[in-house]
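Report on one structure; see the data block that follows.
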Amino acid sequence: EEWFTTELWQQIKPNLQEIEASYRRRGALQSVTAVGPDGVQDRGKPSYRVVFENMSRVIAFEFDEQGRIKSIRSEDE
């Protein structure tokens with residue numbers, strides 16, 4: 001909870017079981033790789049390619065001034 005802004009946590013908390021079930025369907029985690037334009041990661045909005053047994057996604061984070069996650073965007077590959 002302390003990792004997230006209050007606003008984002010309020011959006012995530014009611015959906016934790018659904019989020020967990022969704023990620024379990026993806027299968028075992030195989031790798032996490034930092035990605036960015038021209039191979040350079042944006043320090044303010046880092047992105048990662050997350051490879052699971054059954055699929056992969058690119059997940060991008062944005063942080064507030066206190067270093068808490070204020071947004072998460074993800075896209076299946």
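The shown structure was predicted, so the numbers you read here are calculated from the model rather than taken from an experiment.
- Taken to the nearest 0.5 Å, the CG atom of N54 stands 13.5 Å off from the CZ atom of R24.
- The CG atom of L8 lies 10.5 Å from the CD atom of E62; values are rounded to the nearest 0.5 Å.
- Separating the CD1 atom in I12 from the CD1 atom in I19 is a distance of 6.0 Å, to the nearest 0.5 Å.
- In this structure, the separation between OG on S47 and CZ on R57 is 13.0 Å, given to the nearest 0.5 Å.
- The number of heavy atoms from other shown groups lying within 6.0 Å of CD (E18) does not exceed 12.
- For the pair K70/D64, a side-chain contact is recorded, criterion being any heavy-atom separation below 4.5 Å from C-beta on.
- The list of side-chain hydrogen bond (donor to acceptor under 3.5 Å, both in side chains) pairs with a residue in residues 4-14, not counting sequence neighbours, is empty.
- Atom NZ of residue K45 and atom OG of residue S71 lie 7.5 Å apart, to the nearest 0.5 angstrom.
- Residue pairs meeting the ring pair (Phe, Tyr, Trp, His ring centres under 6.0 Å) criterion with at least one member in residues 41-77, sequence neighbours excluded, are Y23-F52.
- Contact check for D76 versus M55: side-chain heavy atoms found under the 4.5 Å cut-off.
- I69 and V50 fall within a single hydrophobic cluster, where Ile, Leu, Val, Met, Phe, Trp and Tyr are joined by side-chain heavy atoms under 4.5 Å apart, directly or via other members.
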task: Test salt bridge (charged side-chain N to carboxylate O under 4.0 Å, His left out) on E77 and R49 and set out the steps.
output: CA-CA 9 Å; E77 289 191 302; R49 175 168 289 109; 2.8 Å; yes

